[in-house]
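Okay, so here's the structure we're looking at.
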Amino acid sequence: MNYPDSLVADVFQRSVGFKLEGFVPGQGPLQPKLMIVGEAPGRKEITNFIPFSGQAGVELMKCFDSVGLTREEVYITSAVRSRPFSVKERKNKRTGEEEIVTPNRTPNKKEVLAHAPILDYEIKKVAPRLIATVGNIGLQRLLGPKYVITSAHGKIIQHPILQLDAGQEKYSWTKNSYTIVPLFHPAAVFYNRKLQPLIEEDWRVIGTLLQ
Ligand code: URA
């Protein structure tokens with residue numbers, strides 16, 4: 001998606017001081033069958049500007065396949081549009097030299113708030129019929145901290161969503177309700193293989209809603 005320059009400039013300004021790099025625009029059609037709201041891009045995504053194009057994306061595409069969706073039919077975005085990283089010093093196992101590495105990390109609440117104007121803009125513009133959040137960050141960005149993925153996954157939730165209020169520093173609820181299905185993040189299976197059947201079951205809920 002092409003955003004107004006002033007909107008991107010505002011989000012960059014709000015992000016000053018955070019360890020965030022790059023910027024990946026959301027991708028997909030307006031009024032799609034499904035909108036995915038993830039967490040934040042990783043290293044691969046900030047290089048090729050394609051959301052979910054890394055390992056997690058491979059898993060996500062399998063899920064799309066399972067309900068007969070293609071990437072082109074889905075609008076894909078995330079709560080934060082830049083890569084959150086940490087800075088760590090470690091010894092290189094091969095050379096024995098000290099080196100600095102910058103692994104991905106989960107975005108914090110302030111970073112999600114800093115990037116909120118972009119997601120608010122997208123949701124209004126894209127007007128999705130159905131939103132699937134993947135992981136806790138996207139879920140809590142839209143529905144607040146009372147919702148947790150371990151209990152909310154696979155449920156069909158009709159509810160207003162959180163958007164920035166006029167003061168731009170906290171959220172308030174939208175007037176309209178949206179249909180939201182919280183899903184596990186596709187990368188969750190890399191850490192816990194036992195989630196696979198639950199993920200498949202949750203995607204069957206999406207499949208039924210799409211019919
Ligand atoms: N996780 C996300 O939330 N977005 C990406 O683009 C990649 C991984």
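Atoms within a ligand are numbered from 1 in the order they appear, just like the ligands themselves.
Here the closest heavy-atom approach between residue Pro29 and residue Val126 is recorded as O-CG1, 4.0 Å.
The protein heavy atom nearest to atom 3 (O) of ligand 1 is Glu39 N, 2.6 Å. Taking atom 7 (C) of ligand 1 as the reference point, the nearest protein heavy-atom neighbour is Glu45 OE2, 3.4 Å. Protein heavy atom in closest approach to atom 1 (N) of ligand 1: His185 NE2, 3.1 Å.
Between Phe52 and ligand 1, at least one pair of N/O atoms sits closer than 3.5 Å.
One finds the CG atom of Leu34 at 10.0 Å from the CD atom of Glu73 (value rounded to the nearest 0.5 Å). One distance of note links CG of Leu20 with CZ of Arg14; it measures 12.5 Å at 0.5 Å rounding.
Between His153 and Phe184, the ring planes lie tilted relative to each other; the angle falls in the 30° to 60° range.
The closest side-chain heavy-atom distance from Thr102 to Arg83 is below 4.5 Å.
You'll find the ring centres of Phe190 and His185 outside the 6.0 Å limit.
Only the backbone of Ala40 comes within contact range of ligand 1, with a heavy atom under 4.0 Å; no side-chain atom does.
Short contacts between ligand 1 and Gly38, defined as distances under 4.0 Å to a heavy atom of the residue, involve ligand atoms 3 (O). Interface atoms of ligand 1 facing Pro51, defined by a heavy-atom separation under 4.0 Å, are 6 (O).
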